[in-house]
Amino acid sequence: MMQFPKIIQGGMGVGVSNWRLANAVSKLGQLGVVSGTALDSLFVRRLADGDKGGNMRRGLDAFPFPEMAKRIWDEYFIPGGKPVGVPYTIAPMHQRRELRKVVELCIVSNFVEVFLAREGHKNPVGINFLEKVQMPHLSSIYGAMLAGVGYVLMGAGIPLHIPGVLDSFALQHPSEYKLSIIGAVQGQDTAMNFDPADYAEGRLPILDRPSFLAIVSSNTLATTMLRRATGRVDGFVIETPTAGGHNAPPRGKLQLNASGEPVYGERDAVDLAGMRAMGVPFWLAGGYGNAAKVREALDNGAAGVQVGTAFAFTEESGLRPDLKNELLAQAVAGTGVVFTDPLASPTGFPFKVAQIQGSYSDAEVTAARTRVCDLGYLREPYAAPDGNVGYRCAAEPVANYVAKGGKAEDAAGRKCLCNALMANIGHQQTRKDGFIEPALVTVGDDLNTVAQFLAPGRTSYTAADVVESLLSQTAEAVHREPALVATV
Ligand SMILES: Cc1cc2nc3c(=O)[nH]c(=O)nc-3n(C[C@H](O)[C@H](O)[C@H](O)COP(=O)(O)O)c2cc1C
């Protein structure tokens with residue numbers, strides 16, 4: 001019988017749950033999950049920063065097609081790193097008909113992240129994607145599978161097409177993904193296609209089909225996935241609205257409380273008896289970052305829990321040290337405030353935002369930023385009047401958005417998550433005029449409880465500290481080993 005992890009360290013994009021964190025968690029016998037979001041752009045920035053520690057190089061050396069790896073290295077690596085203040089080079093944005101170099105970058109960067117997360121142990125590693133970030137899916141999943149990813153986890157939408165993609169790629173068969181294109185007419189071809197043979201620069205191995213876990217917020221969504229997905233759904237992560245990152249919107253008409261946050265009610269509660277009756281393993285997420293909640297989840301029939309916030313502040317996570325320290329200090333003082341922002345994310349989903357002075361959560365910082373869209377992961381494809389597919393993001397300059405058929409009111413209050421999330425992990429863009437892109441940190445409502453992981457006299461904690469603490473009311477043992485790779 002398949003052995004499931006009790007703890008899934010949730011995917012945290014961009015680059016918060018990086019290969020180093022996932023490696024540490026998987027090595028402890030639980031499931032480490034790398035974020036697959038925007039890995040191509042993150043890879044470009046790591047190379048532009050000189051690949052300190054040589055980790056990207058090590059991953060590239062393991063890539064099965066050396067010529068492809070070399071093309072990327074030659075284009076983006078800057079020995080010693082780019083000078084401070086010089087803007088990063090930007091890779092071309094994703095689109096339905098992808099440029100070959102964009103696809104190659106996606107395959108390679110996803111391969112490297114999973115390869116590094118798997119180094120030095122034999123336990124499975126997962127990768128997390130957001131269904132809403134549609135266009136990189138096929139090439140990213142293929143790259144992750146080439147590196148032997150054990151689980152694919154996907155939320156922020158209804159990932160009906162993905163299980164079938166995994167089945168096809170396991171056999172090295174071509175696959176397609178039907179984009180959701182706003183305003184597409186009946187019968188319009190919306191498919192993106194990927195054929196492994198088009199990118200093979202050598203013999204193609206048969207790959208293992210990873211397990212697929214859908215991240216859902218309701219029984220209805222879980223049932224829909226089981227009935228209509230294009231292939232096997234191996235389990236569910238059930239995420240409640242206290243979780244860090246994006247949250248599902250409340251059911252029914254959106255109502256805001258006095259602070260302007262979405263109000264969730266009884267209709268948003270998940271029926272665990274119903275979940276158990278589906279006969280598919282499930283993990284509970286959102287406020288499960290302590291031993292008592294892990295015990296409670298197991299007692300309620302869950303296979304385990306998925307935890308994000310507690311892992312976001314570990315020594316191994318990709319979050320910038322100054323932001324980590326600031327939020328840890330807030331947690332210790334019990335003063336951390338998390339705002340569920342109904343507008344910030346261009347996806348339209350509520351997005352949890354930690355309040356940090358001088359960050360993008362600050363109205364003054366927001367006012368000082370000129371809108372620009374140059375990474376484009378959250379651009380939505382739309383059917384343009386000329387019959388082509390156009391792309392727009394609600395956080396791009398409002399006039400551009402409106403010129404592309406978007407409504408000005410839908411652009412109000414939106415923030416550029418692409419640039420902000422890069423800033424969260426120390427890869428902030430510097431603009432030509434010297435403006436530095438601000439950070440916007442997402443964490444769960446549980447922020448203040450992470451102080452529990454700090455031993456007396458300590459100002460930091462590790463992934464092993466979290467895993468050990470979470471499992472302390474279960475019979476599961478934790479095997480601590482020395483870290484494989486020195487931290488950079
Ligand atoms: C910093 C951060 C980033 C996150 N990014 C993602 C993401 O990219 N994709 C995703 O599916 N979930 C994301 N999440 C949600 C986590 O995977 C996890 O489900 C959630 O954090 C669990 O609730 P908790 O925060 O109360 O532990 C993120 C959470 C945090 C804290």
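The structure presented is a predicted model; accordingly, all values stated were derived computationally and were not measured. Just so it is clear, the values below take in all heavy atoms, side chains as well, and ignore hydrogens, waters and symmetry mates. Whatever order the structure lists them in is the order used to number ligands and atoms, beginning at 1.
- Among Ala38, Gly13, Gly155, Ser17, the residue whose heavy atom sits closest to atom 8 (O) of ligand 1 is Gly13.
- Annotation: Val443 places no N or O atom under 3.5 Å from an N or O atom of ligand 1; distance criterion only.
- Polar contact with ligand 1: absent for Tyr288 (N/O pair, distance under 3.5 Å).
- Counting all heavy atoms, side chain and backbone alike, Val332 lies closest to Leu454 at CG2-CD1, 3.5 Å.
- Annotation: atom 13 (C) of ligand 1 to nearest protein heavy atom, Gly11 O, 2.9 Å.
- Between the side chain of Ser109 and the main chain of Leu105, a donor-acceptor pair closer than 3.5 Å is present.
- Taking atom 19 (O) of ligand 1 as the reference point, the nearest protein heavy-atom neighbour is Glu239 OE2, 2.5 Å.
- Atoms of ligand 1 found under 4.0 Å from any heavy atom of Gly10, numbered from 1 in the order shown, are 17 (O).
- In this structure, Phe351 and His246 have tilted ring planes: the angle between them lies in the 30° to 60° band.
- Using modelled atom types, one finds no donor on one side chain facing an acceptor on the other under 3.5 Å when comparing Tyr288 with Asp446.
- Among protein heavy atoms, the minimum distance from atom 11 (O) of ligand 1 is reached at Asn128 ND2, 2.9 Å.
- Open room surrounds CG on Asp208; 12 or fewer heavy atoms of other groups in view lie less than 6.0 Å from it.
- Here the side chains of Arg414 and Glu396 are not in contact, with every heavy-atom distance at 4.5 Å or above.
- Regarding atom 25 (O) of ligand 1, its nearest protein heavy-atom neighbour is Thr309 OG1, 2.5 Å.
- The aromatic ring centroids of Phe236 and Phe282 lie 6.0 Å or more from each other.
- Among the atoms of Gly245, none of the N or O lies under 3.5 angstrom from an N or O of ligand 1.
- In terms of protein heavy-atom proximity, atom 15 (C) of ligand 1 is closest to Gly244 O, 3.2 Å.
- Of all protein heavy atoms, the one lying nearest to atom 3 (C) of ligand 1 is Met12 CB, 3.4 Å.
- Considering backbone and side-chain N/O atoms, Thr37 never comes within less than 3.5 Å of an N/O atom of ligand 1.
- Two rings, from Phe4 and Trp283, have their centers less than 6.0 Å apart.
- The single protein non-hydrogen atom nearest to atom 26 (O) of ligand 1 is Gly287 N, 2.7 Å, given as residue, atom name and distance.
- Proximity to Val307 (heavy-atom distance under 4.0 Å) selects the following atoms of ligand 1: 27 (O).
- The protein non-hydrogen atom at the shortest distance from atom 1 (C) of ligand 1 is Thr442 O, 3.1 Å.
- Checking Gly308, Gly318, Ser35, Gly286 against atom 21 (O) of ligand 1, the nearest heavy atom belongs to Gly308.
- Side-chain contact annotation: Asp374 with Asn419, donor-acceptor N/O pair under 3.5 Å present.
- Of the possible polar contacts, one joining the Lys324 side chain to the Thr314 backbone as a donor-acceptor pair under 3.5 Å is found.
- Close contacts of ligand 1 with Ile215, meaning ligand atoms under 4.0 Å from a residue heavy atom, involve 11 (O).
- Ligand 1 has no nitrogen or oxygen under 3.5 angstrom from a nitrogen or oxygen of Asp446.
- Taking the six-membered ring where the residue is Trp, the centroids of Phe194 and Phe169 are separated by under 6.0 Å.
- The part of Leu130 lying near ligand 1 is the side chain, judged by heavy-atom distances below 4.0 Å.
- Within a 6.0 Å sphere centred on CZ of Arg228, heavy atoms belonging to other residues, nucleotides or ligands number 12 at most.
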